[in-house]
Every structure is written in structure tokens, then in C-alpha cells.
Amino acid sequence: QKEVEQNSGPLSVPEGAIASLNCTYSDRGSQSFFWYRQYSGKSPELIMFIYSNGDKEDGRFTAQLNKASQYVSLLIRDSQPSDSATYLCAVNGAAGRRALTFGSGTRLQVQP
Amino acid sequence: GAGVSQSPSNKVTEKGKDVELRCDPISGHTALYWYRQSLGQGLEFLIYFQGNSAPDKSGLPSDRFSAERTGGSVSTLTIQRTQQEDSAVYLCASSLSTGLAGNEQFFGPGTRLTVL
């Protein structure tokens, strides 16, 4: 079992719709959770982070965390073609292991 | 302010040669991380430095890989006797700290290494 799992996609949504990206993780001691966006040929760009159970909103993005289910998700409202990218879920482990463990990413395609 | 910078942006080398990759973290960031991303692969942790503590080298794939961080700032990743499987994009990231608050990692543009 991979430590961080994501559906590779592609996830295709029409412009203006809500895109829902999901991620599960195996380490129950994980404390912080990150979503990165990566355009082809570019490095990852941090778009959201969350530490506590529940929802965290920032503009069109909402991160959701459920530690009991070991599940973290990212919602993108009013999706735009410029949101088309690979979205990487990353998990920062228990104290003493601060390196990020990444999922393999979900490719999102927003159709105009 | 300035983000993480890396040099060179591209490096082509011959199998068996040594290479050095450089990373300049965001000013004031105490933690620095190296990852690599191979074609079609996820991001793989290599090593990280936090302040004056001993680095966490648990992700280094072999003893051909080493890294140092001088003066708590700039870091150099060295790959000795490069092999074709070392071809990848090497990414550096930095964070303000490694505590729960401030451990968000920001990535540099990467160095694309090609070993012929």
C-alpha cells in the first residue's frame, strides 16, 4: 500500500464546475497536509495546507481533512482552463520526519 | 521577496562524471529539502537540513549521493559517478521551520539532470 494515494485521472470537468480531488494516507501520525499544483515542465506550487480536521477555504479552493478516515480533499470552485494541471497531495509525518511524502498526483483537465 | 533559486537549470553529463547542484533557499528559512522527480514518477525525498541539526539523509538512494549546507543557507547536492538512472529533475525546497506552524515548503524551479 502506498503511503499517499491519489487517483491519477485525468479528471475532466467543464469550465465553471467544481473539481473534487481526493487523497488518502496511511500514517496515522501525520500532522500536516498540503496540496501542490504542478504545471507540465514546472515545479510544484503550494496552493493549500491544512492541519486540523474540517474545512479550510482560500478563494476558490477548499481543503478538507478527516483524520479519522485518513482522508484529505481539495475542492476547486468555478474551475477555469488555467486550473488544468497535476495536483499533488503531500503529507508531513509525525514529529521527527518533516520531509513530505507525495502522492503520484491527479491530472485535472478543465474543458472550456 | 525572492523565492528558492537553483542552478544550473539544466545539466547534461556523461555517465561516470560527478555533478554538483546548487540551491539557495528563501532568506530566513531554516529548513532546506532536496527531492527528485523522475519522468512519470512521483516526488521522492532525498535529504533535509534543519538549522544546525544533523541532516536527515534517509532518502538518499546510494552513497554516491551527498549534500552539504554551508552557513545555514546555500546547499549543494553532489552526485558522484553518475548513472543513467540518476536522470531526473532535482528539486530543492525550503520552509521557515519544521514546527507545525511554518513548515510549508516552497519549491525552487529545479535542475533537470540528464546522464548520457
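Chain A is the first sequence line, chain B the second, and so forth, proteins listed ahead of strands; every chain is numbered from 1. Computed from heavy atoms alone, side chains included, the values below leave out hydrogens, waters and symmetry copies.
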Practice task
Could you tell me which portion of Gln37(B) (side chain, backbone, both or neither) has an atom closer than 4.5 angstrom to a non-hydrogen atom of chain A?
Solution key: side chain
Completion exercise
So, the part of Leu91(B) with a heavy atom under 4.5 Å from chain A: the answer is side chain
Count the heavy atoms belonging to other residues, nucleotides or ligands that lie under 6.0 Å from [atom1] of [X], then report whether that count exceeds 12.
| X | atom1 | value |
| --- | --- | --- |
| Leu39(B) | CG | no |
| Glu14(B) | CD | no |
| Arg60(A) | CZ | yes |

Completion exercise
So CZ of Phe107(B) and CG of Leu100(A): to nearest 0.5 Å the spacing works out to 6.0 Å
Fill in the blank from the handout: Rounding to 0.5 Å, atoms CD (Glu104(B)) and OH (Tyr51(A)) come to a distance of 3.5 Å
Problem - Minimum heavy-atom distance Ser43(A)-Pro109(B), with the two atoms named - result: OG-CA, 3.8 Å
Exercise for the section: Please assess Phe45(B) against Thr101(A) for the test side-chain contact (heavy atoms from CB on, under 4.5 Å), listing each intermediate value before the final yes or no. Expected result: CA-CA 7 Å; Phe45(B) 163 69; Thr101(A) 301; over 6 Å; no
Problem - Region of Gln38(A) that comes under 4.5 Å of a non-hydrogen atom in chain B - result: side chain
Practice task
Verify the cluster assignment for Leu75(A) and Leu88(A): are they in a single hydrophobic cluster under the rule of side-chain heavy atoms below 4.5 Å apart?
Solution key: no
Exercise for the section: Determine whether Leu113(B) and Phe65(B) fall in the same hydrophobic cluster, where Ile, Leu, Val, Met, Phe, Trp and Tyr are linked whenever their side-chain heavy atoms lie under 4.5 Å apart. Expected result: yes
Practice task
Find out whether Tyr36(A) and Gln105(B) are in side-chain contact, i.e. whether some heavy atom of one side chain is under 4.5 Å from a heavy atom of the other.
Solution key: yes
Completion exercise
Within residues 104-112 of chain A, the residues sitting under 4.5 Å from chain B by heavy atom, in sequence order, are none
